[in-house]
Amino acid sequence: MRISRSGLAAAVATIAALVIAAPPAGSARPHATPTPSPTPVPVADPAITNIARHQFVQWQAGVVSKSLYAPQVLAQLSDAKIADTSRALGQLGALTDMLYMGRWVNPDFPAGTNGYIYQMRCTQGNVYLWLALDADGKIATIYFKNRLDVETVTPAPSATPSPPEKAL
């Protein structure tokens, strides 16, 4: 059997293509690198979200239902404080959306008190609402802040990392 030069060249090119394209014998098929799981989105309690929404709107309007507040908070709910807060929150415009940020953990809370943080989104800006309810469901704390303060979200700051060891 005679093979022409052009036929031989074509056969060599075909074999070379198969060798280059085929994975080496014994090698595993490449697998996708696993990606870390996304951080789970906190799930808001609809009842707490409803309380937060109503409180924000009431504070914006300057009409706060003091009966919803724990006794130790009532002394701080002066008419002047409500009016000042109402003016500041009113500048944000109408509430358009709320984003539940997560739990607010404070070691100073009495047993049974639970804290929650929401971002209140309005037509002219955003503010964070920090809300704590006591064991009786009364509002024990409410703050409106323009930023998240990490040091008040966690019970204690993280430890300072130690410097890396030097090689000898």
Side-chain angles (χ1 to χ4, degrees), residues 29-168:
R29 179 178 251 173
H31 296 287
T33 304
T35 57
S37 308
T39 304
V41 176
V43 178
D45 179 333
I48 304 299
T49 300
N50 193 36
I51 292 169
R53 178 182 299 107
H54 282 109
Q55 285 305 301
F56 182 77
V57 172
Q58 284 185 353
W59 277 92
Q60 266 195 323
V63 181
V64 176
S65 299
K66 293 181 181 182
S67 64
L68 299 175
Y69 286 78
Q72 71 274 15
V73 180
L74 291 175
Q76 300 171 34
L77 295 179
S78 67
D79 291 342
K81 180 69 169 179
I82 293 170
D84 289 345
T85 305
S86 174
R87 275 191 291 281
L89 293 176
Q91 293 175 6
L92 296 173
L95 180 65
T96 58
D97 193 18
M98 296 173 58
L99 177 64
Y100 177 62
M101 303 299 294
R103 296 294 301 268
W104 171 21
V105 178
N106 186 333
D108 297 330
F109 283 160
T113 300
N114 295 302
Y116 310 90
I117 305 170
Y118 288 85
Q119 183 184 49
M120 311 307 282
R121 297 176 175 181
C122 302
T123 58
Q124 302 300 313
N126 302 328
V127 69
Y128 293 96
L129 182 149
W130 300 59
L131 177 70
L133 302 176
D134 67 14
D136 296 325
K138 298 283 189 174
I139 298 169
T141 305
I142 190 166
Y143 293 120
F144 302 97
K145 296 183 178 188
N146 61 358
R147 64 188 176 99
L148 288 175
D149 294 328
V150 176
E151 62 274 8
T152 60
V153 174
T154 56
S158 298
T160 304
S162 56
E165 294 182 25
K166 293 182 180 178
L168 298 176

Given side chain to side chain contact (heavy atoms under 4.5 Å, CB included), test V127 with K145 step by step and report yes or no. CA-CA 6 Å; V127 69; K145 296 183 178 188; 5.6 Å; no
Measuring from atom CZ of R53 to atom CD1 of I48, what distance do you get when rounded to the nearest 0.5 angstrom? 12.5 Å
Would you tell me whether Q55 and Y69 have side-chain atoms, one donor and one acceptor, within less than 3.5 Å of each other? yes
Over all atoms of both residues, closest heavy-atom pair of I139 and L131: CG2-CD1, 3.8 Å
What's the spacing between I142 CD1 and F56 CZ if we round to 0.5 Å? 10.0 Å
Check whether any side-chain N or O of Y118 sits under 3.5 Å from a backbone N or O of T49 as a donor-acceptor pair, and report yes or no. yes
Using modelled atom types and a 3.5 Å cut-off, is there a donor and acceptor pairing between side-chain atoms of K66 and backbone atoms of L77? yes
Are the side chains of Y128 and M120 in touch, meaning some heavy atoms are under 4.5 Å apart? no
Taking all atoms of both residues into account, what is the closest heavy-atom pair of T141 and F109, and its distance? OG1-CE2, 4.3 Å
Is there a side chain to side chain contact (heavy atoms under 4.5 Å, CB included) between W130 and N106? Walk through the geometry before answering. CA-CA 11 Å; W130 300 59; N106 186 333; over 6 Å; no
Without placing hydrogens or testing angles, list every side-chain donor-acceptor pair under 3.5 Å for residues 84-93, not counting sequence neighbours.
from, atom 1, to, atom 2, distance (Å)
D84, OD1, R87, NH2, 2.5
T85, OG1, K81, O, 2.8
S86, OG, W59, O, 3.4
S86, OG, Q60, O, 2.7
S86, OG, G62, N, 3.3

Say whether, by atom type as modelled, one donor and one acceptor occur between the side chain of K138 and the main chain of S67 under 3.5 angstrom. yes
Can you tell me how far CD1 of I82 sits from CD of Q76, rounded to the nearest 0.5 angstrom? 11.5 Å
Run R121 and L95 through side chain to side chain contact (heavy atoms under 4.5 Å, CB included) and show every step you take. CA-CA 6 Å; R121 297 176 175 181; L95 180 65; 5.5 Å; no
Taking it one step at a time, do L133 and N114 satisfy side chain to side chain contact (heavy atoms under 4.5 Å, CB included)? CA-CA 5 Å; L133 302 176; N114 295 302; 5.7 Å; no
dist N126:CG -> T96:OG1 (nearest 0.5 Å) comes out at 7.5 Å
Ring centres under 6.0 angstrom apart (W104, Y143): yes
